[in-house]
Amino acid sequence: MLKQGSALDRYFNITARGSSVSREVRGGLATFFAMSYIVVLNPLVLSGADAAGDELGAARVAAVTALVAGVLTIVMGAWAKYPFALATGLGVNAYVAVTVASNPNLTWPDVMGLVVISGVTMLILVLTGFRTAVFNAVPPSLKTAIVVGIGLFIALIGLVNAGFVRRIPDEAGTTVPVGLGFDGVLLGWPTLVFVVGLVLTIALVVKKVKGAILIGVIATTIFAVIIEAVFPSGVRPETPTGWSLVVPTMPDTWIELPDLSLIGNINLFGAFAHMGVTAASLLTFTILLSIFFDAMGTMVGLANEGGMTDEKGNIPNVDRVLIVDALGAVAGGSGSVSSNQIYVESGAGIGEGARTGLANIVTGLLFLVAVFFTPLVAIVPFEAVAPALVVVGFMMVSQVGQIDWSDWGVAIPAFLTFTLMPFTYSIANGLGAGFIAFVLVRSFQGRAREIHPLMWGVAAAFVLFFAMGPIEQALGVL
């Protein structure tokens, strides 16, 4: 039992934040299990050859993905002292992968150079106080909307990853974008695993069992391994009723010596030489905006969910959080595994009770262990983690009542914020729509003077962000 006033307690403010060592450990474990899929998924996203014909290699990407995530997560916990774990950002990694695939002049080191430049730029914005000022300029109701939007986004990620909700193929001849299960019907053993896991997790949470979310993930994983052993299901999309990505089977090899040769394999200004200054600058700006606002939205949502904000809705010592997040882009680009950022799945650990950086130490150490045990990470399927994400999503959405719905100047932007996050599968898109709407509606109300000057600048930046596609197309970037 932790002694109140001990060095560990004082350093992490464990008692002050209403937590305990056991809760932090459980939270750290829950976050790792919720995020571990990135070690398997990132190599798939970044697969394929670049303009030089070089392939990254799945094993190399997996090892460096786990290494960078582990180091950054520990730094966030030990220095910033918050339970916000980091790993390669989904969305940014897909964007840069598509950039490489669509441009015959760029190599992977060229694109990673752009990611590093974006990270350094963001670090400068943090050190000058600009990023913190933007964070503080966001109205309270919009901050609450960000929490709600991320809750809906987390729940949707869980439902989609589990195959409970799926995209309907274009050739199906329907205008409905998503539907229940496979062709409107719940089929397959993996779906059963998810449903059983969801029911179990809800029951544990309702009964206020300690470690409810973590117990749910572990129990569902064990159930999944048994189900796959008895009824082999394969993997989607080859088998429509198969597992989403990870097939829960015991690996042939448990330990692998990591190949870390991707670290440092970057060409800092290669894209500028091969594409020209204007085109490369536009790509850098797009990456910068994405990592700038995705992280801000995620951070706000997680901090509010964990009760880690002050009476004004601000996060104490937020500069440290933002500095580590900026370093995530630099480290991820330098490791050739794309920008690292705060993960929304950290909500699983916060839902388990994590409130301090000690939970991050646990999560980070597990990622470092995963560098050598990447085959073992592949045991936990999406279907076992998805129930936790759905339950955490509920917890976050429950804050919707804090929005002032009587004031349309914040209600309409809040609505756009939390609907577009899940509907466009992007935190940045929801933020952009909400910020732009806030400036417009307040102006329509004749209350433009109430708008913080930085909100005008951010709204203008998002207008440019949303117009980036036509601009890039006109300049021949895409």
So does [Y] get a backbone contact from the side chain of [X], meaning a donor-acceptor N/O pair under 3.5 Å?
X    : Y    : answer
N340 : T88  : yes
Q399 : V147 : no
S244 : N161 : yes
S398 : M395 : yes
E24  : R355 : yes
S19  : T15  : no
R26  : V21  : no
N13  : R17  : no

Decide yes or no for [X] and [Y]: does some side-chain heavy atom of the first lie under 4.5 Å from some side-chain heavy atom of the second?
X    : Y    : value
N304 : T144 : no
T284 : F272 : yes
V217 : P387 : no
F32  : T73  : no
I263 : L67  : yes
M421 : T417 : yes
L114 : I287 : yes
F372 : P258 : yes

Atom [atom1] of [X] and atom [atom2] of [Y]: how far apart are they, to the nearest 0.5 Å?
X    : Y    : atom1 : atom2 : answer
I38  : F367 : CD1   : CZ    : 8.0 Å
S336 : L260 : OG    : CG    : 11.5 Å
N93  : Q341 : CG    : CD    : 9.0 Å
S20  : D9   : OG    : CG    : 10.5 Å
F435 : L454 : CZ    : CG    : 11.0 Å
L283 : L288 : CG    : CG    : 12.5 Å

Least distance between heavy atoms, [X] atom then [Y] atom:
X    : Y    : result
A87  : M35  : CB-CE, 3.6 Å
W408 : W405 : CD1-O, 3.8 Å
P422 : L152 : CG-CB, 3.9 Å
L302 : S346 : CD1-CB, 3.7 Å
G364 : I74  : CA-CG1, 3.7 Å
I350 : M308 : CD1-CE, 3.9 Å

Next on the checklist: Between T132 and D319, do the side chains contain a donor N or O and an acceptor N or O under 3.5 Å apart?
Outcome noted: yes
Next on the checklist: Within the 3.5 Å criterion, strictly below it, is a donor on T65 or N42 matched to an acceptor on the partner's side chain?
Outcome noted: yes
Pairs touching [range] that satisfy salt bridge (charged side-chain N to carboxylate O under 4.0 Å, His left out), sequence neighbours left out:
range            : result
residues 443-457 : D407-R447, R442-E450, R447-E450
residues 256-283 : none
residues 328-347 : none

Taking ring-ring contact (aromatic ring centres under 6.0 Å, His included) as the definition, give me every residue that meets it alongside [X], ordered by chain and number, with sequence neighbours left out.
X    : value
F438 : none
Y343 : none
F423 : none
F418 : F415

Checklist entry - Going through the checks in order, is the ring pair (Phe, Tyr, Trp, His ring centres under 6.0 Å) test met by F153 and Y425? => result CA-CA 7 Å; F153 189 30; Y425 228 69; 5.2 Å; yes
In residues 322-332, what donor-acceptor pairs under 3.5 Å come from side-chain atoms, sequence neighbours left out?
from, atom 1, to, atom 2, distance (Å)
D325, OD1, I342, N, 3.4
D325, OD2, R131, NH1, 3.3
D325, OD2, R131, NH2, 3.2

Return a table of donor-acceptor pairs under 3.5 angstrom between the side chains of residues 78-86 and protein atoms on other chains or two or more places apart.
from, atom 1, to, atom 2, distance (Å)
K81, NZ, Y11, O, 3.1
Y82, OH, P316, O, 2.6

Checklist entry - Can you check side-chain contact (heavy atoms from CB on, under 4.5 Å) on L366 and F33, steps first, answer last? => result CA-CA 9 Å; L366 288 173; F33 283 125; over 6 Å; no
Next on the checklist: Suppose we screen for side-chain hydrogen bond (donor to acceptor under 3.5 Å, both in side chains). Which residues come up paired with T424, at least two apart in sequence or across chains?
Outcome noted: N429
Item to check | Residues in side-chain hydrogen bond (donor to acceptor under 3.5 Å, both in side chains) contact with T128, at least two apart in sequence or another chain | outcome: none
Checklist entry - How far apart are the C-alpha atoms of V148 and M396, what are their side-chain angles, what is the distance that settles it, and do they pass the side-chain contact (heavy atoms from CB on, under 4.5 Å) test? => result CA-CA 6 Å; V148 175; M396 300 180 76; over 6 Å; no
Item to check | Derivation and outcome, side-chain contact (heavy atoms from CB on, under 4.5 Å), residues T309 and N314 | outcome: CA-CA 5 Å; T309 57; N314 297 324; over 6 Å; no
Checklist entry - Which ring pair (Phe, Tyr, Trp, His ring centres under 6.0 Å) pairs, counting each pair once, include a residue from residues 316-337, with sequence neighbours left out? => result none
Item to check | Within 6.0 Å of CZ in F394, more than 12 heavy atoms from elsewhere | outcome: no
Checklist entry - Quick one: which of V391, V344, L159, V390 gives a side-chain contact (heavy atoms from CB on, under 4.5 Å) with I154? => result V344
Next on the checklist: Using the rule given for side-chain contact (heavy atoms from CB on, under 4.5 Å), can you reason through W108 versus I266, listing the C-alpha separation, both sets of side-chain angles and the distance that settles it, and then say yes or no?
Outcome noted: CA-CA 8 Å; W108 189 253; I266 63 170; over 6 Å; no
